[in-house]
Amino acid sequence: MEEVVSNWYAIKTRQDFRAEKILAEYCDDIYFPKEEVKLANGERRIKAIIPHVIFIRTTKENALVLENESRKPESRLMPFWIYRYIKGEEIQIITPAQIKILKLLTAQDTTRCEIFSMKDFRPGQRVRVTGGVYQGLEGYVQRVKKNRHVVVRIEGICMIILPFIHPDLLEIINYGQDDAPYDPIMPV
């Protein structure tokens with residue numbers, strides 16, 4: 001008998017807050033990154049960090065059934081689409097390591113800083129974090145609003161800018177020409 005495996009998948013929907021509540025009944029787990037923001041009038045509001053994207057953990061079969069069901073007018077589910085791999089129609093699995101980094105980086109934390117050292121890092125250069133909570137993560141250096149950050153990509157879904165990581169905790173990765181793609185996600 002084949003073991004039923006539950007994986008993480010990213011979905012896109014226009015009604016993300018409503019989808020979170022309803023899909024929680026049908027999935028093993030839901031992750032919807034949100035943050036509290038203060039508006040100009042002083043009012044506080046909860047907003048999606050990655051608008052219209054929710055991460056669900058369920059079986060592949062259940063994910064596809066829910067996606068098909070969501071397109072029926074009589075369904076209580078709101079329409080949503082599961083992200084597919086860029087090449088092909090197969091639904092894209094979000095690895096536990098990718099969910100871990102998403103949860104770490106979208107936690108309610110106000111210390112979002114950039115790399116400040118001039119230590120021989122240039123845009124596009126591959127780096128690996130060698131210590132701290134992000135140890136083992138790989139990304140690349142990129143300028144964002146004139147500051148250098150380490151960026152991790154979840155292919156086709158989002159790019160995540162890491163909060164401050166001291167340059168002493170970064171090492172340059174020198175892949176051979178055929179060893180790895182430009183920015184593989186991470187080997188945690």
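Heads up: numbering here begins at 1 and tracks the sequence.
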Any idea which heavy atoms bring [X] and [Y] closest together, and the distance?
| X | Y | result |
| --- | --- | --- |
| His52 | Asp16 | N-OD2, 2.9 Å |
| Lys12 | Pro51 | NZ-O, 4.3 Å |
| Asn62 | Thr59 | N-OG1, 3.0 Å |

Taking atom [atom1] of [X] and atom [atom2] of [Y], what is their separation to the nearest 0.5 Å?
| X | Y | atom1 | atom2 | answer |
| --- | --- | --- | --- | --- |
| Glu171 | Arg128 | CD | CZ | 5.0 Å |
| Leu64 | Leu66 | CG | CG | 9.0 Å |
| Arg18 | Arg76 | CZ | CZ | 8.5 Å |
| Gln98 | Gln92 | CD | CD | 7.0 Å |
| Ile172 | Arg126 | CD1 | CZ | 12.0 Å |
| Ile30 | Ile11 | CD1 | CD1 | 6.5 Å |

task = Kindly write out the residues that satisfy salt bridge (Lys or Arg N to Asp or Glu O under 4.0 Å) with Arg14, not counting sequence neighbours, or none if the list is empty.
result = none
key: Side-chain heavy atoms of Ile91 within contact of Asn7, under 4.5 Å   = no
Give the cluster check for [X] versus [Y]: same hydrophobic cluster or not, with ILVMFWY residues linked at side-chain heavy-atom distances below 4.5 Å.
| X | Y | answer |
| --- | --- | --- |
| Ile54 | Ile99 | no |
| Ile46 | Leu23 | yes |
| Phe32 | Val37 | no |
| Met78 | Tyr9 | yes |

request  = Report, as yes or no, whether the 6.0 Å neighbourhood of atom CD on Glu74 holds more than 12 heavy atoms from other residues, nucleotides or ligands.
outcome  = yes
request  = Check the surroundings of atom NZ in Lys47: do more than 12 heavy atoms from other residues, nucleotides or ligands lie under 6.0 Å from it?
outcome  = no
key: ring pair (Phe, Tyr, Trp, His ring centres under 6.0 Å): pairs with one or both residues in residues 67-98, sequence neighbours excluded   = none
ask   = Short question: side chain of Thr13, backbone of Pro79 - any donor-acceptor pair under 3.5 Å?
value = yes
ask   = Looking only at atom types and distance, does a side-chain atom of Glu67 sit under 3.5 Å from a main-chain N or O of Ile82, one as donor and one as acceptor?
value = yes
message = The criterion is side-chain hydrogen bond (donor to acceptor under 3.5 Å, both in side chains); which residues satisfy it with Tyr31, sequence neighbours excluded?
response = Thr106
ask   = Asp29 and Phe55: side-chain contact (heavy atoms from CB on, under 4.5 Å), yes or no, with the steps?
value = CA-CA 8 Å; Asp29 201 357; Phe55 298 88; over 6 Å; no
